[in-house]
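Worksheet for the structure shown next.
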Amino acid sequence: MTVLYYALAAVAEIAGCFAFWAWLRLDRSVWWVAPGMASLALFAFLLTRVDSDAAGRAYAAYGGVYIVASIGWLWLVEQRAPDRWDLLGAAICLVGAGVILLGPRSA
C-alpha cells in the first residue's frame with residue numbers, strides 16, 4: 001500500500017502545484033487555484049496513510065518518488081522528453097528513497 005499511497009500523493013502534489021503554475025505562468029484563470037488547493041490537501045492526506053514510524057522518514061522517502069513522478073509529468077503532460085541526466089538523477093533519487101524507507105532499523 002505504501003507504493004500506491006506515494007504514487008497517488010505524487011500525482012496529487014504535482015497536479016496541485018501545476019494548477020498554480022498554470023495560473024501564474026501560463027496565464028490561465030484564477031479558478032485553477034481552487035482545484036489546485038484541493039489537490040494539495042489530498043496530497044497531504046495521502047502522505048499520512050504511509051506506514052512509517054516517523055513523518056520525516058516518510059517525507060524523505062517520498063522525495064524520491066516525487067522526483068520520478070515529476071519526470072513522468074514532464075514527459076506525459078508537458079510533452080517534453082526527459083534526457084539521460086533527468087533519468088539518471090531520478091533513478092539515483094529513487095534508490096535513495098528505497099534505502100531510507102526499507103533500510104534496517106535498530107530497535
Side-chain angles (χ1 to χ4, degrees):
M1 288 303 293
T2 296
V3 172
L4 177 62
Y5 285 131
Y6 275 147
L8 293 172
V11 171
E13 183 181 16
I14 294 166
C17 290
F18 186 76
F20 279 83
W21 180 276
W23 170 46
L24 295 170
R25 302 282 303 265
L26 302 178
D27 296 322
R28 297 299 199 281
S29 166
V30 70
W31 292 107
W32 277 68
V33 173
M37 291 177 67
S39 189
L40 290 171
L42 176 62
F43 150 70
F45 170 77
L46 288 167
L47 275 187
T48 68
R49 306 290 84 197
V50 171
D51 185 26
S52 178
D53 63 340
R57 187 170 291 128
Y59 301 159
Y62 167 73
V65 175
Y66 176 80
I67 290 168
V68 170
S70 296
I71 297 300
W73 183 277
L74 171 74
W75 195 3
L76 298 172
V77 175
E78 297 184 65
Q79 301 291 302
R80 302 184 100 173
D83 63 24
R84 65 181 175 183
W85 301 109
D86 294 326
L87 298 174
L88 178 61
I92 290 168
C93 292
L94 198 56
V95 168
V99 169
I100 291 168
L101 193 62
L102 303 173
R105 305 275 178 238
S106 59

For the residue pair [X] and [Y], what are the closest heavy atoms and their distance?
{"X": "Ala19", "Y": "Gly36", "answer": "CB-CA, 3.5 Å"}
{"X": "Ala22", "Y": "Trp32", "answer": "CB-CE3, 3.5 Å"}
{"X": "Gly16", "Y": "Ser39", "answer": "N-OG, 3.5 Å"}

Spacing of [X] atom [atom1] and [Y] atom [atom2] [to the nearest 0.5 Å]:
{"X": "Phe20", "Y": "Met37", "atom1": "CZ", "atom2": "CE", "value": "5.5 Å"}
{"X": "Leu8", "Y": "Phe45", "atom1": "CG", "atom2": "CZ", "value": "11.0 Å"}
{"X": "Tyr5", "Y": "Thr2", "atom1": "OH", "atom2": "OG1", "value": "8.5 Å"}

| Are the side chain of Tyr6 and the backbone of Val50 linked by a donor-acceptor contact shorter than 3.5 Å? | no
Atom pairs and distances, donor-acceptor, side-chain atoms in residues 81-92, under 3.5 Å, two or more places apart:
residue : atom : partner : partner atom : Å
Asp83   : OD1  : Trp85   : N            : 3.0
Asp83   : OD1  : Asp86   : N            : 2.8
Asp86   : OD2  : Asp83   : N            : 2.9

| remark: Residues pairing under side-chain hydrogen bond (donor to acceptor under 3.5 Å, both in side chains) where one sits in residues 67-81, two or more places apart or in two chains, turn out to be none
State plainly whether one hydrophobic cluster holds both [X] and [Y], where clusters connect Ile, Leu, Val, Met, Phe, Trp and Tyr through side-chain heavy atoms under 4.5 angstrom apart.
{"X": "Ile100", "Y": "Val95", "value": "no"}
{"X": "Phe18", "Y": "Ile71", "value": "no"}
{"X": "Val65", "Y": "Val11", "value": "no"}
{"X": "Val3", "Y": "Leu94", "value": "no"}
{"X": "Val99", "Y": "Val68", "value": "no"}

| query | So which pairs with a foot in residues 41-56 pass salt bridge (Lys or Arg N to Asp or Glu O under 4.0 Å), sequence neighbours left out? | reply |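 Of all non-adjacent pairs touching residues 41-56, those that pass salt bridge (Lys or Arg N to Asp or Glu O under 4.0 Å) are Asp53-Arg57.
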| task | Classify the angle between the aromatic ring planes of Tyr66 and Tyr62 as parallel (below 30°), tilted (30 to 60°) or perpendicular (above 60°). | result |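 It falls in the tilted class, 30° to 60°.
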